[in-house]
Amino acid sequence: MPGLEFEQLVDAHYGALYRFAYSLAKNEMDAADLTQQTFYIWAEKGHDLRDAGKAKSWLFTTLYREFLGGRKHETRFPKVALDEAPEEAVDVPVAAEKIDAGSALEALGKLDENYRAPLTLFYLKQFSYNEIAEVLNVPVGTVMSRLSRGKAELRKALSDQQSEADRRIIEISPFQNERTARKGESE
């Protein structure tokens with residue numbers, strides 16, 4: 001494959017592949033590694049693809065399989081980092097009528113990978129059921145089922161997030177603000 005075609009393929013699909021990898025790995029470095037590994041595999045084996053129109057699907061499928069392989073390896077040989085402290089989750093308040101993108105992505109990130117991957121491919125990458133089935137290597141019926149269950153899980157997570165945000169909001173009436181200000185002046 002000539003270098004120019006490879007560069008065009010990278011330019012066309014790098015961003016989408018990286019975002020998909022990040023949604024799976026939940027880590028910038030791992031997402032970058034997965035994306036780079038996918039293009040490396042393309043450079044090695046991409047010439048075997050008979051239908052150039054399926055390059056995008058091939059790349060996403062390869063990335064997903066690399067992710068699963070890495071996850072399987074990590075469960076067998078877990079990493080132990082002694083000097084890293086766990087990061088605290090950032091609470092993003094959710095408005096009553098609207099849900100911002102950050103909250104939705106946070107809730108999506110907490111879903112089980114079986115639901116997160118199809119939801120990401122369908123709603124964020126606009127893949128068809130057949131393309132998702134091909135990428136995830138599952139039947140179309142399984143994709144539809146996972147999308148349905150994933151949406152239900154996402155609704156529940158967003159609802160729980162909204163309830164938590166409602167419990168943290170304390171309303172202060174204007175009268176209470178004036179009393180507090182006067183109290184501070186008299187001291």
Would you check if the side chain of [X] reaches a backbone N or O of [Y] as a donor-acceptor pair within less than 3.5 Å?
X    : Y    : value
S159 : R155 : no
S145 : T142 : no
T38  : L34  : yes
T35  : A31  : yes

Does K26 NZ have over 12 foreign heavy atoms under 6.0 Å away?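 More than 12 heavy atoms, drawn from other residues, nucleotides or ligands, come within 6.0 Å of this atom.
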Taking the side chain as every heavy atom from C-beta outward, state whether [X] and [Y] have any atom pair closer than 4.5 Å.
X    : Y    : value
L68  : E113 : yes
V143 : N130 : no
K56  : L17  : no

Is the closest basic N to carboxylate O distance between K125 and E131 below 4.0 Å?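 A salt bridge is absent here (no side-chain N lies under 4.0 Å from a carboxylate O).
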List the steps, then state whether side chain to side chain contact (heavy atoms under 4.5 Å, CB included) holds for V140 with M144. CA-CA 6 Å; V140 174; M144 292 166 48; 4.0 Å; yes
Sequence neighbours excluded - ring-ring contact (aromatic ring centres under 6.0 Å, His included) pairs with any residue from residues 128-153: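 Output for this query lists F122-Y129.
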Enter the distance from [X]:[atom1] to [Y]:[atom2] here, rounded to the nearest 0.5 Å.
X    : Y    : atom1 : atom2 : result
T61  : L136 : OG1   : CG    : 8.0 Å
K54  : L49  : NZ    : CG    : 8.5 Å
L154 : K110 : CG    : NZ    : 11.5 Å
T120 : L24  : OG1   : CG    : 7.0 Å
Y14  : R19  : OH    : CZ    : 10.5 Å
L59  : I41  : CG    : CD1   : 10.0 Å

Quick check: closest heavy atoms across [X] and [Y], and the distance to 0.1 Å?
X    : Y    : answer
A107 : L158 : CB-CD2, 3.6 Å
I132 : P118 : CD1-O, 3.9 Å
A32  : Y18  : N-CE1, 3.6 Å
A117 : Y64  : CB-CE1, 4.0 Å

Candidates W42, F67, F127 - the one meeting ring pair (Phe, Tyr, Trp, His ring centres under 6.0 Å) with F60: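 Option passing the ring pair (Phe, Tyr, Trp, His ring centres under 6.0 Å) with F60: F127.
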What pairs of residues pass the salt bridge (charged side-chain N to carboxylate O under 4.0 Å, His left out) test when at least one of them lies in residues 136-151, not counting sequence neighbours?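 Counting only pairs at least two positions apart or across chains, no salt bridge (charged side-chain N to carboxylate O under 4.0 Å, His left out) contact touches residues 136-151.
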By side-chain hydrogen bond (donor to acceptor under 3.5 Å, both in side chains) - contacts of E134 (at least two apart):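 If we apply the side-chain hydrogen bond (donor to acceptor under 3.5 Å, both in side chains) test to E134, skipping adjacent residues, the hits are S57.
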